[in-house]
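These notes are about the structure you will find just below.
Basis for what follows: all heavy atoms, side chains included, without hydrogens, waters or symmetry-related copies. Letters go in sequence order (proteins before strands), and every chain restarts at 1.
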2 protein chains.
Amino acid sequence: MLRRYHYLVALANEKHFGRAAEKCNVSQPALSNSIRQLEKDLGVSIVKRGRRFQGLTREGAKIVEYANKLINTESSLTQELSLMREGLAGILKIGVVPSALPMLTLVTFQFCRAYPKVELSVKARNTTEIERGLDDYSLDLGLTYLDVEPLPRGRKHSIYRQNFWVLTPIHGPFEGRESVTWSEMVEVPLVLLAPETLSRQLINEAFQDMDLQPTPQIQTDSMLNLSAFVRSGYWSSIVPRECFVFCSEPPGTRILPLTDPIVSHDIGLVIPERDPSSVLAQSLFDYAKDIDIEALLIR
Amino acid sequence: MLRRYHYLVALANEKHFGRAAEKCNVSQPALSNSIRQLEKDLGVSIVKRGRRFQGLTREGAKIVEYANKLINTESSLTQELSLMREGLAGILKIGVVPSALPMLTLVTFQFCRAYPKVELSVKARNTTEIERGLDDYSLDLGLTYLDVEPLPRGRKHSIYRQNFWVLTPIHGPFEGRESVTWSEMVEVPLVLLAPETLSRQLINEAFQDMDLQPTPQIQTDSMLNLSAFVRSGYWSSIVPRECFVFCSEPPGTRILPLTDPIVSHDIGLVIPERDPSSVLAQSLFDYAKDIDIEALLIR
DNA sequence: TTAAACGATAAAAGAAATCTATCAATGATG
DNA sequence: CATCATTGATAGATTTCTTTTATCGTTTAA
């Protein structure tokens, strides 16, 4: 029904007629023609053409924006219809900030049990990508930082506070301790997350606020890799405590509160303000409001 | 592009396959088929079929709702495009409560001068019809009572207060007076608007609040007709003062303040909360915010 | 009982979209 | 500089979707 608009959106994403056609399972001329037809119907040129795809015109960008709206509206319709027929069903695309991934199951557990026909498509993304995904309709819901710039748009519901703790070898510099302070962390061999990760940036901020200069010997963008370094018995690290809620800390390591100060950030769900809004997203969002995360964490 | 959805909306409005087809300028089987096709595509039955059109199914109603959203989105797109090409242009459908009709020109004058390519399609409607029109996308903007139940939804902007005044023959019972009280009105021969008009209902409310029983000898739903009766020299009437702002009171009649108490109602623009919202409606709405109606009234 | 109204159906014509094959222009590569 | 790969446009044949005309079976009203 919205065939041409689908083609256009694919083209806008792929920036390439051939690839876009492939994504749509049609031949390249079919897609080319449809775009031309769309240009003729709307009376404006959509694509800057110079023997290559040179991007969209101003009008083209506007049309893509509306094409997304149209496609979203139609998919909401089918969602509502399947809701009326067989209860909630369909695919819910949720973007999750990496450090919140382990917690996602807590948020969705009851919902998934209640609606077995709903498929969750989880996408690990950073805050910016989540924001963009909610804007361009490639995501329906986000689980992200609520108190970090740029603040997410849409309705928000806080799920838990993420605390930075210390991951350290059992027989390392903090052996026997029950907590560690930030200022102590600059004195020990450090492995930290890579600077491009948001968690690391928040850690840096915390250090800066205290006029401390951490000197990580190793930086990695993989939590597994980071754990391995700590397990080796030499390095310590700073990690979101909630990452080790389910898989407990790796053997040979301990996880301790990091104090003076306690640094924490608000993480929660974000649902974009759309008309119509995704029934699935709305439903999970409402479900999450009734969850007592603290209770689930303690067991 | 949204052909089938257009057909469906026409069918929902006309409740008749033949007439709907006519509205769409296609043959009846064409429309019949398209609806069937739509049912097949969406996998639900839309129309209750019993040899006659028997109304929509529950799913059908939902689909019509979304069809309207889709159509509105596409028409917003073309509006935006023509805005980018040639400035504001297109048709703006505005629903106006009858008693506010004379004032509409004040609201729209500057806007129409500024954007000569915008066509205004004015529809005289009562408050309920305006509310429904804004819901079902047959209106883009309303000029209606803001303080009368049911309160309109959407964003509102007050334009002026409508006051009830007395229209009376020059040589009638109130000759030489500068104002009249409500309680005096039950003593004189009355012609009033018909009971189904909102203005009349508001007048009735006012009388009731004072425990007065008006005894109109004549009721009419036409203001012209009402004026004629007053001109005859025998009857007096109660009318919204603003109806006589431009066409001054008819010869042989005078218009006087009606006091104890002064009864007035708030009239203004209502723009529905839609996504996307009509560029034209939004634009007129914003324009109206800068208008100083009082200043225009006094000249 | 008859006539009119309504919507479904069938067959044919028309329109739209797609595919395959090919071309022309660009840019990269040796 | 010649060659080749890439990219998107074009042409013609084919398929799929829509529409029209004509007709039919029910139902409702006269």
- Item | d(CZ, B/Arg3; P, C/dA16) in whole Å | 10 Å
- Test B/Gln37 against B/Tyr7 for side chain to side chain contact (heavy atoms under 4.5 Å, CB included), laying out the working first. CA-CA 11 Å; B/Gln37 207 58 44; B/Tyr7 291 172; over 6 Å; no
- CG of B/Leu31 versus P of C/dT9: gap in Å, rounded? 15 Å
- Is the side chain of B/Glu59 donor-acceptor paired with the backbone N or O of B/Val44 at a distance under 3.5 Å, no angle test? no
- Message: Rounding to an integer number of Å, can you tell me how far B/Ile35 CD1 sits from C/dC6 P?
- Response: 17 Å
When you compare the protein's N or O atoms with those of nucleotides 7-13 of chain D, which come within less than 3.5 Å of each other, and at what distance?
unit_1 : atom_1 : unit_2  : atom_2 : d
D/dT7  : OP1    : A/His16 : NE2    : 3.3
D/dT7  : OP2    : A/His16 : NE2    : 3.4
D/dT7  : O5'    : A/His16 : NE2    : 3.2
D/dG8  : OP1    : A/Phe53 : N      : 3.0
D/dG8  : OP2    : A/His16 : ND1    : 3.4
D/dG8  : OP2    : A/Phe17 : N      : 3.1
D/dA9  : OP1    : A/Arg49 : NE     : 2.4
D/dA9  : OP2    : A/Ser32 : OG     : 2.5
D/dA9  : N7     : A/Gln28 : NE2    : 3.0
D/dA9  : N6     : A/Gln28 : OE1    : 3.1
D/dT10 : OP2    : A/Arg36 : NE     : 3.4

- Sub-3.5 Å donor-acceptor pair from the side chain of A/Thr57 to the main-chain atoms of A/Ile46, do we have one? yes
- Message: What is the separation between atom CG on B/Leu38 and atom C1' on D/dT19, rounded to the nearest whole Å?
- Response: 17 Å
- Query: Within less than 4.0 Å of OP1 or OP2 of C/dA17, is there a side-chain N or O belonging to A/Arg4?
  - Reply: yes
- Task: Please state whether the phosphate of C/dA17, meaning OP1 or OP2, lies under 4.0 angstrom from any side-chain nitrogen or oxygen of A/Ser34.
- Result: no
- Query: Can you tell which of D/dT18, D/dT19, C/dA17 lies closest to the side chain of A/Gln37?
  - Reply: C/dA17
- Message: Using a 4.0 Å heavy-atom cut-off, does B/Ala30 contact any base of the nucleic acid, only the sugar-phosphate backbone, or nothing at all?
- Response: base
- Message: Rounded to the nearest 0.5 Å, what separates atom CG in A/Leu284 from atom CD1 in A/Ile271?
- Response: 8.5 Å
- Please report, rounded to the nearest Å, how far the C1' atom of C/dA8 is from the NZ atom of B/Lys40. 16 Å
- Message: Regarding A/Glu65 and A/Lys62, does a basic nitrogen lie under 4.0 Å from an acidic carboxylate oxygen?
- Response: yes
- Can A/Arg153 and A/Glu131 be counted as an ion pair, charged N to O under 4.0 angstrom? yes
- Roughly how many Å is it from CG in A/Asp41 to C1' in C/dA15, rounded to a whole number? 13 Å
